[in-house]
Amino acid sequence: MGKTRLIAETGAGQHGVAAATAAALMDMQCVVFMGIEDTQRQALNVYKMKLLGAEVIPVETGTGTLKDAVSEAMREWTSRIADTHYCLGSVMGPHPFPVIVRDFQAVISREIKEQILQRENKLPDIVTACVGGGSNAIGSFWHFIKDESVKLVGCEAAGKGVDTFETAATITTGRLGIFHGMKSYFCQDEYGQIAPVYSISAGLDYPGIGPEHAYLHDIGRAEYIPVTDEEAVCAFEYLSRTEGIIPAIESAHALSYAIKKAPELDKDKIIVVTISGRGDKDCSSVAKYRGENINE
């Protein structure tokens, strides 16, 4: 493509670290835009990006979170298209970004299907994943969409509750709109302006959802449920204590659903939960949520 410069936005920092890693490998300049709020709660990943040679730009406009990082990255990209490639981190934005990201993320469901058929000789009954913009979830769903026996469940960040203003549950509380170059569902105020959203998870506090998820919801192929901070933190702690796996707080939203759903199912039923990342980046936030300060 002839590009010498890579830019990206990031919330939890995972995509930013991946973009910085690729740029280091390809000897490219890398700039990552990250909401200033997220740089503070995801300090470990900020350090990793800088260690890999990327410039991390804290975005102070708006709420200083993911949506504002996306806006700044888009402004930067449109001003330097000649030498800059925008590596968008979710299935959102203008075409072809949702398709590009979906096709790369679809390796998740391809490998799930291959491995589950090899191990169990049947498809799972439920596939569940966390949803912010929705890249991890659409990747988990894609190769199962035509398998109608497989229930697809996306878990949104409800924050402090869908009956409060401190939530990021887009399908549950949002309505149709246009933002960041796409038509989808968005959290909006009474005047149609994009509303501030909140979640303990830096990777899920986006006020919209990828348009393909909106479509899957509209046709009834996938279900999207809200999961609160408290539910996600409890699931985060549960998996850590019972399996020795500290999941990303984003992933813990899907895990919470599985924990609640499993007792309702026969023992021969299969739930696949996508664990989208490690939780070392989230330990400080969860400790703070529980009233502890591990940085002292």
*Asks:* Is there a path from I200 to V197 through hydrophobic residues (I, L, V, M, F, W, Y) whose side chains come within less than 4.5 Å of each other?
*Replies:* no
*Asks:* Going through the distances and angles, do E237 and R290 end up as a salt bridge (Lys or Arg N to Asp or Glu O under 4.0 Å)?
*Replies:* CA-CA 11 Å; E237 295 168 335; R290 290 300 192 206; 2.9 Å; yes
*Asks:* With no hydrogens and no angle check, just 3.5 Å: does a side-chain donor-acceptor pair link H180 and S71?
*Replies:* yes
*Asks:* Under a 3.5 Å distance rule, please check whether H85 uses its side chain to pair with a backbone N or O of K3 as donor and acceptor.
*Replies:*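 No; judged by distance alone, with no hydrogens or angles, the pair does not exist.
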*Asks:* So which atom in I145 and which in L152 form the shortest heavy-atom distance, rounded to 0.1 Å?
*Replies:*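 The answer is CG1-CD1, 4.1 Å.
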*Asks:* With a 4.5 Å cut-off on side-chain heavy atoms, are I126 and L265 touching?
*Replies:* yes
*Asks:* Between T164 (side chain only) and G161 (backbone N and O only), is there a donor and an acceptor less than 3.5 Å apart?
*Replies:*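 Yes: the side chain of T164 pairs with the backbone of G161.
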*Asks:* Which atom names give the shortest non-hydrogen contact between A252 and A235, and what distance separates them?
*Replies:*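 Looks like O-CB, 3.4 Å.
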*Asks:* Are the charged groups of R41 and D205 less than 4.0 angstrom apart, N to O?
*Replies:* yes
*Asks:* Under 3.5 Å, sequence neighbours excluded: what are the donor-acceptor pairs made by side chains of residues 111-120?
*Replies:*
unit_1: K113; atom_1: NZ; unit_2: H143; atom_2: O; d: 2.7
unit_1: K113; atom_1: NZ; unit_2: D147; atom_2: OD2; d: 2.7

*Asks:* Return the CD to CZ distance between Q14 and R278, rounded to the nearest 0.5 Å.
*Replies:*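 One gets 8.0 Å once the value is rounded to the nearest 0.5 Å.
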*Asks:* Around atom OH of Y289, are there more than 12 heavy atoms from other residues, nucleotides or ligands closer than 6.0 Å?
*Replies:*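 Yes.
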*Asks:* Decide yes or no for S240 and I245: does some side-chain heavy atom of the first lie under 4.5 Å from some side-chain heavy atom of the second?
*Replies:*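 Sidechains of I245 and S240: no contact.
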*Asks:* Are the side chains of V162 and T228 in contact, using a 4.5 Å heavy-atom criterion?
*Replies:* no
*Asks:* Does CG in D27 sit with more than 12 non-hydrogen atoms of other residues, nucleotides or ligands closer than 6.0 Å?
*Replies:*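 Incorrect, the count does not exceed 12.
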*Asks:* Return yes if a side-chain donor-acceptor contact under 3.5 Å exists between T65 and T63, otherwise no.
*Replies:*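 Yes, because at least one side-chain N or O of T65 sits under 3.5 Å from a partner of the opposite role on T63.
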*Asks:* Can you tell me how far the CD1 atom of I225 sits from the CD atom of E231, to the nearest 0.5 Å?
*Replies:*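 If we round to the nearest 0.5 Å, I225:CD1 and E231:CD are 8.0 Å apart.
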*Asks:* Give a yes or no on whether V153 and V150 share a hydrophobic cluster (residues Ile, Leu, Val, Met, Phe, Trp, Tyr; joining criterion: side-chain heavy atoms under 4.5 Å apart).
*Replies:*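 Cluster IDs for V153 and V150 differ.
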*Asks:* What about I138 and V131, same hydrophobic cluster or not, with Ile/Leu/Val/Met/Phe/Trp/Tyr joined at side-chain heavy-atom distances under 4.5 Å?
*Replies:* yes
*Asks:* Has R102 got its NZ or CZ under 6.0 Å from the middle of the six-membered ring of W142, at an angle within 45 degrees of the ring axis?
*Replies:* yes
*Asks:* Taking all non-hydrogen atoms of both residues into account, name the closest pair between A169 and A158 and its distance.
*Replies:*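 Smallest heavy-atom distance, with atoms named: CB-CA, 4.2 Å.
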*Asks:* May I ask whether L44 and V32 are part of the same hydrophobic cluster, defined by side-chain heavy atoms of I, L, V, M, F, W, Y residues being less than 4.5 angstrom apart, directly or through others?
*Replies:*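 As far as the 4.5 Å side-chain criterion goes, V32 and L44 are not connected within one cluster.
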*Asks:* Quick one, V17 with L52, criterion side-chain contact (heavy atoms from CB on, under 4.5 Å). Give me CA distance, side-chain angles, the key distance, then yes/no.
*Replies:* CA-CA 8 Å; V17 170; L52 290 161; 4.0 Å; yes
*Asks:* Crowded around K260 NZ? As in, over 12 foreign heavy atoms under 6.0 Å?
*Replies:*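 Counting other residues, nucleotides and ligands, NZ of K260 exceeds 12 neighbours.
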*Asks:* Find out whether R175 and F186 are in side-chain contact, i.e. whether some heavy atom of one side chain is under 4.5 Å from a heavy atom of the other.
*Replies:* no
*Asks:* Test your reading of the model: is there a side-chain donor-acceptor pair from N45 to the backbone of A12, 3.5 Å cut-off?
*Replies:* yes
*Asks:* Are I275 and I246 connected into the same hydrophobic cluster when the rule is that any two of I, L, V, M, F, W, Y join if their side-chain heavy atoms are below 4.5 Å apart?
*Replies:*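 In one cluster with I246: I275, no.
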*Asks:* Do the side chains of D125 and K151 get nearer than 4.5 Å, heavy atoms only?
*Replies:*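 Contact flag for K151/D125 side chains = no.
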*Asks:* Measure from the ring center of Y86 to the ring center of F97 and say whether it is less than 6.0 Å.
*Replies:*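 Close enough - the centres of the two rings lie under 6.0 Å apart.
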*Asks:* Any donor and acceptor pair, going by atom type alone, linking the side chain of T170 with main-chain N or O of Y185 inside 3.5 Å?
*Replies:* no
*Asks:* Please evaluate residues R5 and E76 with respect to the criterion salt bridge (Lys or Arg N to Asp or Glu O under 4.0 Å), reporting the C-alpha separation (whole Å), side-chain torsions for both, the decisive distance (0.1 Å), and the verdict.
*Replies:* CA-CA 11 Å; R5 187 169 176 265; E76 176 73 10; 2.6 Å; yes
*Asks:* Indicate the atoms forming the closest heavy-atom contact of S251 with C130, along with that distance.
*Replies:*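 Heavy atoms of S251 and C130 come nearest at N-SG, 4.0 Å.
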*Asks:* Would you confirm whether D282, through its side chain, and S285, through its main-chain N or O, come within 3.5 Å as a donor-acceptor pair?
*Replies:* no
*Asks:* Strictly below 4.0 Å, N to O, side chains only: are R221 and E212 in salt-bridge contact?
*Replies:* no
*Asks:* Does anything in residues 44-71 pair up under salt bridge (charged side-chain N to carboxylate O under 4.0 Å, His left out), and if so which pairs, sequence neighbours excluded?
*Replies:* none
*Asks:* Between the side chain of S135 and the main-chain N/O of S90, is any donor-acceptor distance below 3.5 Å?
*Replies:* no
*Asks:* Given side chains that start at C-beta, do those of L6 and T84 come closer than 4.5 Å, heavy atoms only?
*Replies:* no
*Asks:* For a 4.5 angstrom cut-off between non-hydrogen side-chain atoms, does M34 reach I57?
*Replies:*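 A side-chain contact is absent here, since even the closest heavy-atom pair is not under 4.5 Å.
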*Asks:* Treating H15 as the side-chain partner and C87 as the backbone partner, does any N or O pair qualify as donor plus acceptor under 3.5 Å?
*Replies:* yes
*Asks:* Work out which heavy atom in H253 is nearest to a heavy atom in S201; give both atom names and the distance.
*Replies:* CE1-CB, 4.0 Å
*Asks:* With side-chain contact (heavy atoms from CB on, under 4.5 Å) as the criterion, how do Q105 and V91 come out once you've worked through the C-alpha distance, each side chain's angles and the decisive distance to 0.1 Å?
*Replies:* CA-CA 9 Å; Q105 292 287 328; V91 284; 5.7 Å; no
*Asks:* Donor-acceptor pair, S184 side chain versus I209 backbone, under 3.5 Å?
*Replies:*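 Side chain of S184 to backbone of I209, a donor-acceptor pair under 3.5 Å: yes, one is there.
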*Asks:* With the side chain counted from C-beta on, respond yes when F141 and V127 share a heavy-atom pair under 4.5 Å apart, and no when they do not.
*Replies:*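 Yes, at least one pair of side-chain atoms sits under 4.5 Å.
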*Asks:* Would you check if there is a donor-acceptor pair between the side chains of N136 and E250 at a distance under 3.5 Å?
*Replies:*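 Note: E250 and N136 side chains miss the donor-acceptor criterion.
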*Asks:* For the pair T10 and M49, evaluate side-chain contact (heavy atoms from CB on, under 4.5 Å) and give the outcome as yes or no after the intermediate values.
*Replies:* CA-CA 11 Å; T10 194; M49 286 182 273; 4.1 Å; yes
*Asks:* Does the Q188 side chain pair with the main chain of L176, one donor and one acceptor, at a distance under 3.5 Å?
*Replies:*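 Pair found, side chain donor or acceptor close to backbone of L176.
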*Asks:* If you take all heavy atoms of S140 and I108, which pair is closest and at what distance?
*Replies:*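 That would be OG-CG2, 3.7 Å.
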*Asks:* Would you indicate whether D268, at its atom CG, is surrounded by more than 12 heavy atoms from other residues, nucleotides or ligands within a distance under 6.0 Å?
*Replies:* yes
*Asks:* Could you tell me the separation between the NZ atom of K281 and the CD atom of Q42, rounded to the nearest 0.5 Å?
*Replies:*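 Output value for this atom pair is 4.5 Å.
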*Asks:* Does E9 reach the main-chain N or O of F33 with its side chain, forming a donor-acceptor pair under 3.5 Å?
*Replies:* no
